[in-house]
Amino acid sequence: MQQIRRVTMQMSGAEILVKALQEEGVEVIFGYPGGVLLDFYDALFRAGMRHILTRHEQAAAHAADGYARASGKVGVCMATSGPGATNLVTGIATAHMDSVPVVAFTGQVPSHMIGGDAFQEADIIGITRPITKHSYLATSPGELPKIVQEAFHIASTGRPGPVVIDLPKDVLQGKGKYHRPDKVEIRGYKPKTEGHPGQIKRVLSEIMKAKRPVIYAGGGVVISGAGGELVAFAEKNMIPVTNTLLGLGGFPGNHPLFLGMLGMHGTYQANMTIHESDLIIAIGARFDDRVTGAVAKFAPSARVVHIDVDPSAISKNIVVHVPVVGDVRGVLKELNKIQKGEKAVWKEIRSKWLDRVRAWGEERPLSYDRKSSLIKPQYVIEKLSELAPDDAIITTEVGQNQMWVAQYYKFVKPRTLLSSGGLGTMGYGFPAAMGAQFAFPKRVVVDVAGDGSIQMNIQELATVAQHNIPVKIVILNNCFLGMVRQWQELFYDARYSQTCLSSNPDFVKVAEAYGVKGIRISDKAEVEAGLKEALAHPGPVVVDCQIDREEGVYPMVPAGAASSEMIFGPDRKKKESKLKAVK
Amino acid sequence: MRHTITITVENKFGVLSRVAGLFSGRGFNIESLSVGETLDPTISRMTIVTRGDDRIIEQVTKQLRKLVDVIKVTDLTDSSFVDREMILVKISATEKNKAEILRINEIFRGKIVDVSPTTYTFEITGDEGKIEAFIKLIKPFGVKEISRTGKVAILREMNGE
């Protein structure tokens, strides 16, 4: 009786929405209230649902993203109409580019006022159309459970992505019945998950024919949870593996077949291996321009196998010879299953190739001036990698900090690196770290930041202080927008236009003003102790690490060059003469 | 190369802008687009004519299939299909050229849908060749206004056998 009454009872749209979120298993919402959301926030309060108030809506979107990337579950964020909604846009676009399951709720002015330029009105469905997987404008309270259910399904299946649900105030205030359909049925949305058996066989015959194969594995491996399958596949076929930025952690960084990251700031070994290969097996990757460099010169003698769940990713940037559309994990499982026993001749061919690959690694390993008296950022990352536990989650901002992490941190587990790869969003790392920490309260979460990026969402120190979220922020502080400065140094005759941040605040004091612990590291000898202290601290910490101001990220494939045409350092003399002017 | 693509979509608001946005967001041009309800009122059918090399068209169809509200995408170009377009043309008419105008209309089996002392409005239906030929012939008389539906298309049942 009780049950029946509850189902047929009239509820407000806001109550229906809260119940729908609970049924989806939502643990936490990151958001920011506002006029049109008052009813929702009241219902949330009464239901005792967990909500984290960020200090800027952009941070709410990134936190939901970080939560989703770390846990594999759908992240949820919420913002009010107009400016609240538009502030989510960067976060939604970030999630879209990197295929992250996020459901973003936006308040909207009452239905009858839509289109009338009402106070705090913005056509957020229109604005976010190109950066969402799908979107909904709710029109009645009764349809909310179905919309929420579909949104979570769409966000988390196939190639994941963000879904926006726009909530006019009258829909939240109106009354309706709670009815959740038994299952999701969308006739236009049936993602293909199983690879075609014929295509899978063709992949195997390509592998048998290849003399110089390489696996290029991207974020899809991490998303589909195919880490174990990938290791088995690579080992069985004796094929070296390179990762994209988002793929890092999808293959153990300490595995003998691992080449490091490829692309613009990839290792010499990875880029040479790709360039000289005769077969590229792309798995859950999309041939981004930061990976391929000049497409015409990319891997000139390679045939390409591409395994991806998204058919539109195939032959988008590069002509693919053998496409396999399907969930990466399922396809790898199939490949591993029908694998034949290796022949002696074949083993010999592979060993020869692996020797060549190894030689590239020895010829030009990642390197920096270890003897320098200055704090080298690479040294800081190496130390962090050494000190943090294997399951620590590392987030990055965007720029040099991101690339140094990608190069020098040894990721051994999937979902331990969260970074804005596609959109390249500065200000992503800190709020994403907060989100990740909510998914895993007990694990170590570190945001490796730059002094530029951290200031894009530094207001979230209030959020971590309020909830004692023990995120560690390590600022690699060079008082520059380092990556842009590096390009200016290399390609604009060291004219440092608008990249000098010498008026940075004292980050330790900023932290302390928010009630967060601050640690300064200004001497190389303090690096290890400082990092240890930060990691041991039970609450949030800001580490202001004053690094060599002009360290660059190398190797580097200049834009438009082939991946074999790397540069390994700056032209020193040119730089010194220009630097004086800046100081 | 020119492609005629038909799409069945959910008959909901916002779907047209999703489809159109997909073209404009990638710099692909739509030559014509027509939409209408099917027998099932929850489904609409669109006919889109667009131009592009094989790679562009492949991307377009894949991207269209990715839209949640898109149910089916068919590129008719390599199959045998029938397409038709309808136009309404308002033409200035004088005592002198009236007979000539009406004769052209008759040849093209057009209908007169509106008459005034100085104008005729014709309704012409046909494939692209017929429509273009009609416009070419009638233009010198003075076209006041023209409105075109864009193409609609359907697969032939006997496909080249």
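Order of the sequence lines sets the chain letters (A, B, ...), proteins ahead of strands, with each chain counted from 1. Side chains are part of it too, since the values below use all heavy atoms of this structure and drop only hydrogens, waters and symmetry mates.
Interface remark: of the candidates A:Ile186, A:Ile314, A:Val319, A:Ile314 forms the most heavy-atom pairs closer than 4.5 Å to chain B. Between chain A and the options B:Glu58, B:Lys72, B:Gln63, B:Lys66, the largest number of non-hydrogen pairs under 4.5 Å is found for B:Lys66. Across B:Ile71, B:Thr61, B:Val70, the residue that shares the most heavy-atom pairs under 4.5 angstrom with chain A is B:Ile71.
Both the backbone and the side chain of B:Val68 come within contact range of chain A, with heavy atoms under 4.5 Å apart. Of the two parts of A:Thr139, only the side chain, counted from C-beta on, holds a non-hydrogen atom closer than 4.5 Å to a non-hydrogen atom of chain B.
For residues 2-31 of chain B, a heavy-atom distance under 4.5 Å to chain A picks out B:Glu10, B:Phe13, B:Ser17, B:Arg18, given by residue number. Listed in order of number, the residues of residues 106-138 of chain B that approach chain A to under 4.5 Å between heavy atoms amount to none.
Taking a 6.0 Å sphere around CZ of A:Arg290, one finds it holds 12 or fewer heavy atoms contributed by other residues, nucleotides or ligands. Residue-environment remark: CG (B:Asp40) exceeds the threshold of 12 foreign heavy atoms within 6.0 Å. Counting heavy-atom neighbours within 6.0 Å of B:Asp53 CG, excluding the residue itself, gives a total above 12. Counting non-hydrogen atoms of neighbouring residues, nucleotides and ligands closer than 6.0 angstrom, the CD atom of A:Glu194 reaches no more than 12 such neighbours.
Smallest separation of non-hydrogen atoms from B:Arg55 and A:Asn317: NH2-CA, 4.0 Å.
Atom CZ of residue B:Arg65 and atom CG of residue A:Asp310 lie 12.5 Å apart, to the nearest 0.5 angstrom. Remark: A:Lys316 NZ to B:Lys62 NZ distance equals 9.5 Å, nearest 0.5 Å. Residue B:Leu67 holds its CG atom at 11.5 Å from NZ of A:Lys133, rounded to the nearest 0.5 Å.
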